Each structure stands twice: as C-alpha cells, then as structure tokens.
Amino acid sequence: MRFSRAYIPTTKESPKDAQLPSHIYLSRAGFVAQVASGLYNFLPLGKRVLRKIENIINEEMSACGALEVDLSFVTPAELWQESGRIEKFGKELLRFRDRKDNLFVLGPTHEEMMVSIVRNRVTSYKQLPLNVYQVKTKFRDEARPRFGLMRAREFVMKDGYSFHSSTEDLDREFDAMEAAYKKILERLGLNFRIVEADSGAIGGTGSKELMVLAQSGEDTLAVCDTCEYGANVEAARRAPRSVFPEAPSADFSRFKTPNVKSIDDLSNFFHVDPYYTLKAVVMRAVYTEGSEPVCFFIRGCDELQEVKARNSVGAIDLVDISESELSEIGLIPGFIGPLDQDKIRFVMDKDTLNATSMICGANEMDYHFVGVDLSVMKDAVFADLVTVQAGDGCPHCGGKMEHTKGIEVGHIFKLGTVYSAPLKAEFLDENGRAQPFIMGTYGMGVSRLVAAVIEQHHDERGCIWTHATAPYLVNVMVSNIKEESHLAYAEELYNTLLSRGIETILDDRKERFGFKMSDAELIGFPFTIIIGKELENGQVQIMIRESREILTVDAENVLDKIEELRR
RNA sequence: CGGGGCGUAGCUCAGUAUGGUUAGAGUACUUGGUUUGGGACCAAGGGGCCGGAGGUUCGAGUCCUCUCGCCCCGACCA
C-alpha cells in the first residue's frame, strides 16, 4: 500500500471522549472512528487488524476440527422466548418488528440459534461430537457502553459451540479449546492468564476466562507468583493459613466494650490481631421473588467477596442495608455475633469453622464475647465467603497470591444441558434413548482483542503492534520524496518486500521527516525503514517501534536484517 | 436506571457570570512561494442553523422551559 493513496486519518489531538490508551491511539491513528455511544466504524487499518486476528482464530479452530458457519444476525424472538432468555436479557436485547409485525432481536450471542441448526438434524450419537463456530457481529444494548472498543454495544465475537454425547467427551473438547485459545493468544503476542471464573447464574460445571493482563482491565485477578493458578477474585481460592498470629488467651466471658464497634476498635481495645475477631456483614439478599436480610460472618482480617456471598445464599443480588433496618430486626450494629442469635439468617465463612479464641459481638449494646470457641456453631451453614488477598497462599503450590488487572478476551464454558434440555435438542444414544446434547460454549472477543493489544502494547507516542497484529509489518519511509534517487530506491525495496510476502506500506507522502516519523510511531508499525540522508553512504536505518531503537544498516543487508528481526 | 459533566468550524477549545457591530483562536484543508532528519515558515483563501424545538426581548451562542446526543462515577454486564 502506498501511504499517499491510503485512507489513514491521523490526528495530533485525541478525541475529547477518549480516556483509555487503546481508545485514544486507535482513534488518533485512524484505526476506528466512533459513530455513536458504543458504536464504531473500522477504517482501513482497523479492518486489517481485525482480519488478522480472525485469520489466526480460523487457523487454530480449523486445526481442532471446528467448523465455521455464519448464522443470521437477525434472530426471531420466538427462539428467545423458548429458552426463556428474552426476559433474562431484558433491555440488552435490541428488539424490533418487521413489516409483517413479527418480533425479532439482534443476536447478542447465539446459543439458541446454534442449537436450532443442529436440533432435529443431528439425531444420533454417531454424528457427535460436533464443534461449530462463527466470527460475527453481536449486539448488546448495554446500559453503559464505555472504554471505546472494550465495551461496545456492537462488537465482533468468535462464538463456538460444541455438542457431545457424554460429559467425558465435553471435558476433552473443553481442554482442546483451552489449548487452542492459549495458542491464539500466544500467536497474537499477548501476555495473558487463563483463570478460573465464577460459574454464576448459568451454572454448569466449570468456566475459565482468558485474561489479557493490563492496568486498565475491568476485572481483578488473583494469580499465583509461582505456578499457573489464577482466578477471577470472584472465584479465587486460597490455601489454608499456615502461620498464625499470637492467640489471645482468655476464658469465655461477656466483656463490656463501650462504643467499640469496628474491627479496628476491637483489635485495639483487646490488643489482639483482627484474625481473632469476627466481622458481621449484613446485606439484603434479593431473590426472584422477595428478599431477606442475611448476615455473613468472616474473620476480621478478611473482606467479604460479594459474588461468593451471593452464591452462598442463592440470591440474584445483594444490596446494602441501612442501620434502621438492622434496628427493626433487633440487631445492634457493631455488636452482632452468631451466638444465641435467631433474628437473622446467617452464613459463616469456612475459615471460621471450629475457630477458637475468637472475639465476637454479644448482640447486646456495648458487649462482646471473648474466648469464643466456634466449634459450638458447627451445625451452621459454612461457605467460602472471602476475597483472596495479596500475600495469601496459593491453593495448589503454596506460592504467594497477588492481585492484577485483566481484560476478559475469552470465556469458555461447560454448559451441559442448560440450553439443550429446555430447547429439546436431543439425540439417540447407543441404547436408542433420547438424550439432550451435552454442550460447551467458547467465546472470544475479536474487536475487544484489538483494543487489548494496544492496552498492553503502547507508549506515550502511540500504538506498538505485535508482529501478528500489525496492519503492516514494515513501513518504508522516504524522508524527502523530492530526492528522486531516494524515492526510486524506496520503490524498489517496497516491491522486493512485497514479493517476499512481507506486508509493507510505502510512506511516499510529500511531508517532512518529523511529521512522518510521528505518524509511524503513532500508528505503530513494528519496523520503519528510513530512506534518507544515509543513503549517500549506502546505508538506511530501521526504527524498531517497540524500543524506538534506530539501527543503521548497509542498504544491501536491509532485507536480511528485516527477515532476522521479524523472527 | 441514579449522580455528575459537556454539546460553538473536520478536530481541540475560547466566548455564555453582566444579552448588543459581521462569532473567534489553534490545528486541519485549498492556492502560491520558501523549506526538507523529529508534527516548518510567509502570504492569500474556503469552511458555522453556536445540538434541536419553543419562549422572554427592540435584540439570544449568552436568559427561561422542554428535548436529543455524548462522556464520567455507580447499578448492570453470556
């Protein structure tokens, strides 16, 4: 491509609405342009990057025997009514009617459609397994689109679905997909972690998220500094504690603790580590029908993890509760404890099971119990309720857990029969009995990956594309196109690079050196070959975008050098 | 959906508290000239329903009412 004939509208200033590096640089460098909230146009450079990512996905899927399809973006509402998701998705489904007044929705994901194409067509276990996928525009009418391409309403997703006759075969495919996804992200040149995720409302037997590590990630991850274990904090586990603070020695008694309400107060009052105190967190659990207050008891040194807490009581939401509501129930904030208490449903963190030497509220103003042995509570409900903190032990290898931020670019899921059963998608097994398909689903955010590459690879001058994602690998820049010999040399080099199958752009614009260099850095081509003054000495220069290092090489060696650098 | 902010040239923004010639700057664009290794300089140009509607007024970018859009925090997010 000749730059002079390309459409690459770069700007010196960032759009005022852009906050994230990916949004700023992708806009400034002319990869994308915003149309409306959560809607983006992909300009020529952006489209090239998108296609490169798609190609890599297609290659890896093909290597796994997955079959590409392309399902209608517009989907009949009946399918969504059948699965029950038309209510569940709510306003995120963009609905509209055609001229005959039939209701349709723009596909936000395609489980229903995908099930419908195999239903009644794949009818025997002999036809299984089957893995079909597409790379397709999706639309979710998000309540609040944000962060540029990271959370758009219209976006490109690779969504794959597998169908099996046994859970063992699903497990095999799930592992194969995890390996393929790992390979894709490696090829893209990304630093990522595969983490355990909250299975949440969907249920199923397992899900993993693929997280590109970046400061601006919306998800917080707990990862081991030694082994591969990592999990979304919503689902992270930790090893049991191995070192314990010094335990307070006190016989069980009721102790007057005037105005001692917080864990800090309590810890200071008794000069005891918060580990030996019991924290009460009361929230209102919201269910499909009705709600009730619930108290969660955890050690004073821990923090409540709301997703875990929500799962522990099967609620769809947990909301804050006011002090006046607490008073109505008869609980005294600051002095709530589990002993002799029947005013509220409660769940205890599993780390408090059989705990001794504890201090907890006495359910009486200005009193706490000390020397509490929680083994008396062994019949209570226990669950994992706490947030894994930095420094906690890894549940697998005993290494130290630390926190990091991630961008969710993929999510793979063992669905089981969650969709196939209600949609009555069945096959006949070896015994001639009808069984619902056992399914897996595998998603990857393609347009989000474009942004994720830049979130992870940029500097204050602009984009730094990885070799696999760059719109062009090499930029041949002519410092001054009025130097005819320079231009002629550059044209020849450009053609040679193209003939070797190296994606190259020729910056033949009538602009000054600094202007073109700034553009090259903003756009982020991995290599810019500068044809200029040095050519008089038979030399050219190669600017390596990542380090901004400039190599001076003999003109006759430039091809070899590029071949060497691209490896 | 709650809270906050912003809509003026392609882009980034002044101007709005206190209404008053022809609405500005930078940048981008066009033409001519000089430049040519880090976003050049000189000169001459084109470009605006001041988000939209209604109102107050002799007069509205500026005041009032309504509305639409965009961004941020939160709620939400297979």
Side-chain angles (χ1 to χ4, degrees), chain A residues 9-20 23-24 27-28 30 33-39 80 83-85 88-93 107-114 138-148 150-153 155 157-161 197-204 207 209 218-219 234 286 306-307 316-320 408 410-415 418-419 439-445 448 461-462 477-483 486-487 509-522 528 530-536 540-541 543 548 550 552:
Chain A
T10 60
T11 62
K12 205 186 279 190
E13 283 174 294
S14 24
K16 64 171 174 177
D17 294 336
Q19 307 277 330
L20 284 194
H23 192 187
I24 291 171
S27 302
R28 280 190 54 202
Q34 182 168 5
V35 182
S37 179
L39 304 179
W80 297 87
S83 71
R85 286 213 291 183
K88 198 169 164 189
F89 258 103
K91 288 186 170 176
E92 288 207 4
L93 282 183
T109 174
H110 272 103
E111 279 83 3
E112 284 82 355
M113 280 290 269
M114 207 56 91
K138 300 285 183 290
F139 193 93
R140 293 180 192 175
D141 199 1
E142 294 263 4
R144 178 144 107 85
R146 58 185 127 174
F147 304 142
M150 298 265 271
R151 182 178 291 287
R153 291 192 291 173
F155 57 98
M157 182 166 90
K158 175 265 169 181
D159 50 324
Y161 309 83
D198 171 49
S199 296
I202 290 279
S207 97
E209 291 169 332
E218 289 190 80
D219 291 276
E234 294 173 356
V286 180
E306 279 200 31
V307 173
I316 53 176
D317 196 13
L318 290 180
V319 295
D320 289 339
E408 182 191 342
H411 199 162
I412 57 177
F413 227 107
K414 293 181 186 176
L415 280 181
V418 175
Y419 291 95
M439 292 177 59
T441 182
Y442 319 95
M444 188 169 255
R448 181 179 279 184
R461 288 169 181 264
M477 191 196 94
V478 189
S479 176
N480 180 358
I481 60 162
K482 285 192 178 168
E483 295 285 349
H486 296 186
L487 185 59
R509 291 175 301 170
K510 184 176 174 295
E511 296 288 351
R512 294 164 69 91
F513 177 81
F515 186 94
K516 292 192 198 179
M517 280 296 276
S518 294
D519 263 2
E521 286 166 338
L522 176 60
T528 292
I530 304 165
I531 314 295
K533 284 178 174 170
E534 307 292 327
L535 197 59
E536 312 299 332
V540 298
Q541 290 167 308
M543 191 266 287
R548 296 191 52 239
I550 294 181
T552 300

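Everything numeric here is computed off the predicted structure, so don't read it as measured data. Protein chains get the first letters and strands the later ones, always in sequence-line order, with residue 1 at the start of each.
- To the nearest whole angstrom, the two P atoms, one in B:G4 and one in B:C66, are 15 Å apart.
- Remark: the A:Glu13 side chain and the B:G26 base include a donor-acceptor N/O pair separated by less than 3.5 Å.
- Residue A:Phe513 has its side chain nearest to B:G37 when only B:G39, B:G37, B:A75 are considered.
- Nearest nucleotide to the A:Ala36 side chain, out of B:G39, B:A75, B:C70: B:C70.
- Contact annotation for A:Glu408: base contact, defined as any heavy-atom pair under 4.0 Å involving a base atom.
- Between the CD atom in A:Glu209 and the CD atom in A:Glu408 there is a gap of 4.5 Å [rounded to 0.5 Å].
- Taking atom C1' on both nucleotides, B:A28 is separated from B:U12 by 11 Å, rounded to a whole Å.
- Residue A:Lys91 is in sugar-phosphate contact alone, with no base atom involved, counting any heavy-atom pair closer than 4.0 Å across all strands shown.
- Considering only side-chain N and O atoms, A:Lys533 lies under 4.0 angstrom from the phosphate OP1 or OP2 of B:G37.
- When the C1' atom of B:C73 is taken as reference, atom CD of A:Gln19 falls 11 Å away, rounded to whole Å.
- No contact: A:Met543 has no heavy atom under 4.0 Å from any strand.
- Between A:Gln541 atom CD and B:G38 atom C1' the separation is 12 Å, expressed in whole Å.
- Rounded to an integer number of Å, the gap from A:Arg151 CZ to B:C71 P is 13 Å.
- Distance noted for atom P between B:G20 and B:U62: 11 Å (whole Å).
- Between B:C71 and B:A60, the distance separating the two P atoms is 33 Å to the nearest Å.
- Taking the side chain as every heavy atom from C-beta outward, A:Trp80 and A:Pro108 approach each other to under 4.5 Å.
- The side chain of A:Arg512 places no N or O atom within less than 4.0 Å of a non-bridging phosphate oxygen (OP1 or OP2) of B:G39.
- Between B:G47 and B:U57, the distance separating the two P atoms is 35 Å to the nearest Å.
- Ranking B:G74, B:G37, B:G39 by closeness to the A:Ser518 side chain, first place goes to B:G39.
- In this structure, A:Thr11 does not reach the B:G10 phosphate: none of its side-chain N or O atoms is under 4.0 Å from OP1 or OP2.
- Among the atoms of the strands shown, none is found under 4.0 Å from any heavy atom of A:Gly443.
- Here, B:U22 and B:G39 have their C1' atoms 34 Å apart, quoted to the whole Å.
- Residues A:Asp141 and A:Leu93 fail the side-chain proximity criterion, which asks for heavy atoms closer than 4.5 Å.
- For A:Arg151 and A:Glu218, the salt-bridge test passes: some basic side-chain N is under 4.0 Å from an acidic carboxylate O.
- From A:Asp159, atom CG reaches atom CE of A:Met444 across 12.5 Å, with rounding to the nearest 0.5 Å.
- Whole-Å rounding puts the A:Arg509 CZ to B:G37 P distance at 16 Å.
- For A:Phe147, whose side chain is taken as the heavy atoms from C-beta onward, the closest listed nucleotide among B:C73, B:C71, B:G38 is B:C73.
- Taking every side-chain heavy atom of A:Arg548 into account, B:G38 is the closest of B:G38, B:C1, B:U35.
- When distances run from any side-chain atom of A:Asp519 to the nucleotides B:G37, B:C76, B:G39, the shortest one goes to B:G39.
- Sequence order on RNA chain B of the closest nucleotides to A:His23 and A:Ser14 puts A:Ser14 first from the 5' end.
- B:G48 sits 35 Å from B:U35 when the P atoms are compared, rounded to a whole Å.
- As a whole-Å value, the separation of A:Glu209 CD from B:C77 P is 14 Å.
- For A:Glu92 and A:Arg153, the salt-bridge test fails: no basic side-chain N is under 4.0 Å from an acidic carboxylate O.
- For A:Arg144 against B:C1, no side-chain N or O and base N or O form a donor-acceptor pair under 3.5 Å.
- An OP1 or OP2 oxygen of B:U35 is reached within less than 4.0 angstrom by no side-chain nitrogen or oxygen of A:Lys482.
- RNA chain B contains the following stems of three or more consecutive Watson-Crick or G-U pairs, with both distances under 3.5 Å: B:1-7 with B:68-74, B:10-13 with B:24-27, B:29-34 with B:40-45, B:51-55 with B:63-67.
- With a glycosidic angle more than 90° from 0, B:A43 adopts the anti conformation.
- In this structure, A:Val418 and A:Phe413 have side chains that are not in contact, with every pair of non-hydrogen atoms separated by 4.5 Å or more.
- The distance from atom CG of A:Leu39 to atom P of B:C70 is 8 Å, rounded to the nearest whole Å.
- Atom NZ of residue A:Lys516 and atom CD1 of residue A:Ile530 lie 11.0 Å apart, to the nearest 0.5 angstrom.
- Here NZ of A:Lys16 is found 14.5 Å from CD1 of A:Ile24. Values are rounded to the nearest 0.5 Å.
- Taking atom C1' in both B:A40 and B:G59, one finds a spacing of 46 Å when rounded to whole Å.
- Looking at heavy-atom distances under 4.0 Å, A:Arg153 makes no contact with the nucleic acid at all.
- When each of B:C71, B:C77, B:U35 is scored by its nearest atom to the side-chain atoms of A:Gln34, the top-ranked nucleotide is B:C71.
- When the P atom of B:C76 is taken as reference, atom CD of A:Glu218 falls 13 Å away, rounded to whole Å.
- In this model, no side-chain donor or acceptor of A:Glu511 finds a partner on the base of B:G38 within 3.5 Å.
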Under the side-chain hydrogen bond (donor to acceptor under 3.5 Å, both in side chains) criterion, do A:His486 and A:Ser479 qualify, and how do the steps go? CA-CA 8 Å; A:His486 296 186; A:Ser479 176; over 6 Å; no

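- For the ring pair (Phe, Tyr, Trp, His ring centres under 6.0 Å) test, no residue two or more places apart in sequence or in another chain qualifies with A:His110.
- RNA chain B is contacted by both A:Lys16 and A:Pro145; A:Lys16 maps to the nucleotide lying nearer its 5′ end (nearest heavy atom per residue).
- Between the CG atom of A:Leu522 and the C1' atom of B:U27 there is a distance of 15 Å, given to the nearest Å.
- If you check every strand for non-hydrogen atoms under 4.0 Å, A:Pro9 touches nothing.
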